[in-house]
There are 2 protein chains.
Amino acid sequence: MDREETWPRVSGGRSATLKDVAGAAGVTTTTVARVLKESGYVAESTKARVLEAVATTGYRPNSLARSLRQSRSHVIGHLLKSTVPNPFYVEVARGAEEEARTRGYTILTANVQHDAETERRAVETFLGWRADGLVFSTPSDPANVEYAQSLGVPTAQVERPRSLVGHRLVVRNYPSAVAAMRHLVEFGHRRIAYVGAELLPEDGPAALFGYVERERFGAWRDVIRDIGAATEGLARFGEAYTIDQPTAQGHGYRATQALLQAADRPTAIFASNDILAAGALQAIHEAGLRCPDDISVVGFDDTLAGFLTPLLTSVRLPARRLGATAVRLVIDEIEGKGAPDQHLALDAELVLRRSTATAPTRR
Amino acid sequence: MDREETWPRVSGGRSATLKDVAGAAGVTTTTVARVLKESGYVAESTKARVLEAVATTGYRPNSLARSLRQSRSHVIGHLLKSTVPNPFYVEVARGAEEEARTRGYTILTANVQHDAETERRAVETFLGWRADGLVFSTPSDPANVEYAQSLGVPTAQVERPRSLVGHRLVVRNYPSAVAAMRHLVEFGHRRIAYVGAELLPEDGPAALFGYVERERFGAWRDVIRDIGAATEGLARFGEAYTIDQPTAQGHGYRATQALLQAADRPTAIFASNDILAAGALQAIHEAGLRCPDDISVVGFDDTLAGFLTPLLTSVRLPARRLGATAVRLVIDEIEGKGAPDQHLALDAELVLRRSTATAPTRR
DNA sequence: CTGAAAGCGCTAACAT
DNA sequence: ATGTTAGCGCTTTCAG
């Protein structure tokens with residue numbers, strides 16, 4: 001009587017079931033279900049009694065039972081290649097979760113590193129939970145996508161598709177990369193280096209996902225050609241997403257170091273992601289040069305840009321929308337609306353900051 | 001006969017059940033279950049037949065049905081406050097998933113921003129799926145932790161607990177913060193500024209989670225006192241985890257700007273996280289000064305350190321272990337091993353890089 | 001407007 | 001060494 005507060009619960013520690021609610025309200029489980037789903041005719045008086053019973057018993061629907069009965073889990077499995085530290089994927093995950101929530105779905109996430117085997121196990125786990133759909137951001141092995149798809153489970157591949165089956169969502173890198181290059185050209189730069197990831201062959205298995213690097217590099221090459229400038233020795237390829245743990249230095253740093261030692265060094269660097277650009281800034285600083293006074297730098301992805309010195313001009317990817325759209329396509333397919341195997345391209349956007357400026361006059 | 005390959009499946013598109021396997025093997029579901037669980041006696045010959053049937057039908061256990069039947073989902077809900085961009089939480093998530101996987105559990109993740117209401121909804125979702133335990137990294141509202149706990153669901157709070165119930169995992173910030181300060185002192189610094197988050201009152205609701213900032217600040221204050229140096233005007237508090245979107249500038253930048261304008265400016269800055277340190281480096285650069293020649297900087301968390309110029313000396317948090325340990329404590333409690341309400345503290349580690357050097361001789 | 005009954009796929013106690 | 005049976009909590013006909 002004088003107890004402070006008590007959580008509504010069924011005695012015994014187990015949580016209340018429909019039956020408990022029905023018992024408390026003096027009706028059957030069918031009626032309770034009708035009230036909760038707001039479907040079918042229920043007398044106002046019984047409805048009130050049921051609602052009260054729901055409150056006092058602390059009833060919470062059991063998603064397990066519902067999913068089993070309906071053969072529909074309302075679960076979307078999300079395989080995230082969360083290359084640490086990449087805020088891009090965090091944003092993709094957020095977009096995915098928001099979209100899923102508004103549509104009454106739950107997202108199950110698995111952080112897959114670069115590994116095909118871990119990815120396969122994650123797919124198995126998701127299918128074990130009878131996930132209604134799968135989102136790969138991004139896939140490690142096309143076989144895993146095709147496996148799910150062959151089982152009739154809708155899939156979407158985000159940013160770097162590896163298979164032609166299921167939905168594919170890509171980023172239109174080329175226009176914004178061209179914009180970044182033109183931005184440099186407008187500042188009078190003609191000697192612009194490219195520091196990026198290794199290009200993958202246009203045919204063969206890498207054809208699909210290699211488009212990212214090809215578009216970024218293509219923009220560099222095309223603009224350089226347009227202005228009739230030189231390219232020799234100015235394109236440097238290497239491992240783009242990791243940095244050595246002990247030295248904290250990677251391809252961006254080393255490539256820039258090499259570029260700066262050349263007799264005719266570039267006045268600007270176009271890096272194919274922010275991690276590489278960060279390395280470029282470190283090398284520039286160590287060489288006793290200043291960005292953007294001596295050399296301009298643009299990055300890509302806009303992940304680290306706001307934290308670097310100087311603030312980095314970069315291209316922002318539509319991460320959140322990528323995640324949300326992937327989930328939307330998958331749910332639409334699950335629910336029988338919308339065409340399968342859609343292929344969408346989303347736009348990126350150049351964000352101007354402080355790392356670009358007028359090219360220094362010729363030494 | 002000449003079909004290339006066919007995915008093992010039961011006709012009709014639905015996935016195979018125990019019954020399908022049993023039918024194919026000419027036994028009952030019980031026997032199949034026994035073979036799959038490797039428990040009880042099964043004749044070698046039947047075992048072989050069953051295994052073959054499993055393969056040809058493409059049987060995959062239904063976790064939904066199993067969980068419902070056992071009243072144990074083997075699911076851990078993980079509420080992640082993924083303040084973008086914070087690789088710390090990504091690492092916590094990885095640690096949690098690895099531990100869960102090795103113990104046969106699945107992690108359900110929800111990215112909760114700073115929001116108590118979103119967190120509450122996520123808890124509801126997890127409980128709807130009958131999660132066996134919950135990990136808060138970190139909680140937004142103590143009521144949500146207490147709610148789960150009151151329902152008999154084991155919880156763990158990571159890094160910044162807000163409630164005294166359930167397991168709590170904290171980081172021992174003080175010793176490594178002192179180490180960072182002593183490192184500066186050994187380089188001859190005496191005028192060391194503190195740039196950090198607002199301190200929270202030691203009593204009241206913030207007492208619990210405010211320890212992080214109090215320990216970091218306390219280390220600064222204690223070492224400064226030990227060496228008998230000045231503190232006036234050298235501690236700057238503000239919003240520590242976000243930066244303005246348009247200007248990409250935050251407290252770290254502005255506080256440092258102010259410190260540098262003072263007549264007797266500090267020779268070193270102790271920032272209470274890497275985001276603040278990044279801002280400090282930006283301000284130092286813009287003021288025409290050089291780090292570490294003119295001014296040294298140390299950060300905390302080691303999230304951005306490897307990407308900054310110069311490479312930042314910072315304190316690394318045991319993120320992965322935090323996630324793994326939280327999951328371990330929760331699972332142990334679920335399985336009835338290990339004490340409830342444990343309170344563990346994990347150590348952090350100073351990582352020396354390039355942003356600290358000998359103090360400049362007095363101007 | 002409400003109830004009875006079957007069954008989603010699995011497990012576990014109890015036979016045989 | 002294998003089978004029978006009941007039931008986890010819910011939804012969904014089908015009756016009334």
Side-chain angles (χ1 to χ4, degrees), chain A residues 9-10 12-51 53-54 57-75 104 127-132, chain B residues 9-10 12-51 53-54 57-75 104 127-132:
Chain A
R9 262 214 275 171
V10 171
R14 60 171 249 285
S15 48
T17 71
L18 265 194
K19 213 164 152 189
D20 295 321
V21 178
V27 293
T28 61
T29 59
T30 317
T31 306
V32 178
R34 265 195 276 264
V35 172
L36 293 178
K37 296 190 68 183
E38 303 183 6
S39 77
Y41 297 90
V42 182
E44 278 304 323
S45 59
T46 36
K47 189 169 173 177
R49 253 186 310 135
V50 166
L51 255 20
V54 166
T57 53
Y59 174 72
R60 185 193 328 283
N62 185 325
S63 304
L64 258 20
R66 194 179 74 120
S67 297
L68 179 61
R69 175 60 231 240
Q70 297 189 137
S71 303
R72 286 276 274 68
S73 63
H74 292 264
V75 162
L127 296 179
W129 285 100
R130 294 304 184 264
D132 294 331
Chain B
R9 262 215 275 171
V10 171
R14 60 170 250 286
S15 48
T17 70
L18 265 193
K19 215 165 152 187
D20 296 320
V21 178
V27 292
T28 61
T29 59
T30 317
T31 306
V32 178
R34 266 195 275 264
V35 172
L36 294 178
K37 296 189 66 183
E38 304 183 5
S39 76
Y41 296 91
V42 183
E44 278 305 322
S45 58
T46 37
K47 188 168 173 179
R49 255 185 308 136
V50 166
L51 256 19
V54 166
T57 54
Y59 173 72
R60 185 191 329 280
N62 185 326
S63 304
L64 258 20
R66 193 178 73 119
S67 297
L68 179 61
R69 175 60 232 242
Q70 297 190 139
S71 304
R72 282 284 314 287
S73 64
H74 291 264
V75 162
L127 295 180
W129 284 99
R130 296 302 185 265
D132 294 332

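Residue numbers begin at 1 in each chain, while the letters A, B, ... track the order of the sequences.
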Atom of A:A65, atom of B:L68 and distance for their closest heavy-atom approach: CB-CD1, 3.8 Å

Nearest-nucleotide check on DNA chain D, A:P61 vs B:A43; residue mapping nearer the 5' end is B:A43

By side-chain hydrogen bond (donor to acceptor under 3.5 Å, both in side chains) - contacts of A:R49 (at least two apart): none

Hey, is the main chain of B:G128 close enough, under 3.5 Å, to the side chain of A:S63 for a donor-acceptor pair? yes

For a 4.5 angstrom cut-off between non-hydrogen side-chain atoms, does B:N62 reach B:T17? no

Taking only distance into account, with no hydrogens and no angle test, what donor-acceptor pairs under 3.5 Å do side-chain atoms of residues 23-37 of chain A form with protein atoms, sequence neighbours excluded?
none

End axis versus end axis in the helix from C:dC1-D:dG16 to C:dT16-D:dA1, the angle rounded to 10°, five pairs used at each terminus: 40°

A side-chain contact here means heavy atoms from C-beta on lying under 4.5 Å apart; do B:R130 and A:S15 qualify? yes

Name the first nucleotide and the last nucleotide along DNA chain D (5' to 3') that come under 4.0 Å of a heavy atom in chain A. D:dG9 to D:dT12

Identify, residue by residue, the members of residues 27-37 of chain A with a heavy atom below 4.0 Å from DNA chain D, and return them in order of residue number, or none. A:T30, A:K37

Contacts of A:S73 meeting side chain to side chain contact (heavy atoms under 4.5 Å, CB included) (sequence neighbours excluded), chain-then-number -> A:S67, A:V75, A:D132, B:L64, B:W129

Pick the closest DNA chain C nucleotide for B:N62 and for A:V42 by heavy atoms, then say which residue is nearer the 5' end. A:V42

Applying side chain to side chain contact (heavy atoms under 4.5 Å, CB included) to A:A48 and not counting sequence neighbours gives none

Measuring only between side-chain heavy atoms, which start at C-beta, is B:D20 closer than 4.5 Å to B:Y59? no

Closest non-hydrogen atoms of B:V42 and B:K47, given as atom of the first, atom of the second and distance, are CG1-N, 4.0 Å

Donor-acceptor contact below 3.5 Å, side chain B:R69 vs main chain B:R66: no

Going 5' to 3' along DNA chain C, which are the first and last nucleotides with any atom under 4.0 Å from a heavy atom of chain A? C:dC1 to C:dG9

Give, ordered by number, those residues of residues 63-73 of chain A having at least one heavy-atom distance below 4.0 Å to an atom of DNA chain D; if nothing qualifies, reply none. A:A65, A:R66, A:R69, A:Q70

